[in-house]
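In each ligand, atom 1 is the first atom listed, and ligand 1 is the first ligand listed.
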Amino acid sequence: MGYKLTPQRRNILNVILEHEGEHLSTLEIYDLVKKDCPEIGLATVYRTLQLFEDIDIINRQNFDDGCNRYELADPEQDHQHHHLICVSCGKVSEMEDDLLEELEQEVKIKKGFEIINHKLKFFGYCEDCSNKMKRNGKKNV
Ligand SMILES: [Zn+2]
Ligand SMILES: [Zn+2]
Ligand SMILES: [Zn+2]
């Protein structure tokens with residue numbers, strides 16, 4: 001690869017690597033990078049994330065919480081896993097199984113539409129939050 005990793009860029013990449021699966025936002029990445037690299041500016045973080053996205057090191061995600069979030073791209077897969085987003089605590093978990101092949105077949109048959117990819121987000125309550133609600137619900141009754 002012809003891209004030079006400056007120490008600042010390496011720091012940003014390390015933060016993303018160390019927090020794999022956490023879907024950090026730009027500001028969260030900035031705060032973490034500042035610990036090792038106090039002189040870094042937010043603009044540099046923005047630009048570096050943009051660069052990493054352009055060269056497919058990371059993927060940008062939007063979970064409708066008003067910020068961009070990033071995770072490592074998997075170079076083996078052009079299809080991304082799907083996300084489960086808790087509307088109560090904001091926790092994002094990942095759904096590795098893809099159960100959509102049958103649905104894609106059906107779309108193809110019914111609409112003649114050749115699907116090349118799909119994106120999917122699930123909104124709801126995570127296990128913790130739904131357990132909490134059940135407990136509270138019982139108390140209130
Ligand atoms: Zn939750
Ligand atoms: Zn993810
Ligand atoms: Zn899928």
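- The closest approach of Glu94 to the Zn ion (ligand 2), by N/O/S atoms, is made by OE2.
- For the side-chain contact (heavy atoms from CB on, under 4.5 Å) with Glu28, the qualifying choice from His23, Arg69, His19 is Arg69, the only one to do so.
- The minimum distance between the Zn ion (ligand 2) and any N, O or S atom of His81 involves atom NE2.
- Rounded to 10 degrees, the SG-metal-SG angle spanning Cys129 and Cys126 at the Zn ion (ligand 1) equals 100°.
- Side-chain atoms of Lys121 come within 3.5 Å of backbone atoms of Asn62 as a donor-acceptor pair (strictly under, hydrogens ignored).
- The structure places CD of Gln50 at 10.0 Å from OG1 of Thr26, a figure rounded to the nearest 0.5 Å.
- Using a 4.5 Å cut-off between side-chain heavy atoms of Ile, Leu, Val, Met, Phe, Trp and Tyr, with links allowed through other members, Tyr70 and Tyr46 fall into the same hydrophobic cluster.
- For the pair OD2 of Asp98 and NE2 of His82, the angle at the Zn ion (ligand 3) is about 130°; rounding is to 10 degrees.
- When rounded to 10 degrees, the angle formed at the Zn ion (ligand 1) by SG (Cys89) and SG (Cys86) equals 110°.
- In terms of hydrophobic clustering, with Ile, Leu, Val, Met, Phe, Trp and Tyr side chains grouped at heavy-atom distances under 4.5 Å, Ile40 and Leu5 are assigned to a common cluster.
- The Zn ion (ligand 2) lies at the vertex of an angle of 90° between the OE1 atom of Glu71 and the NE2 atom of His23 (rounded to 10°).
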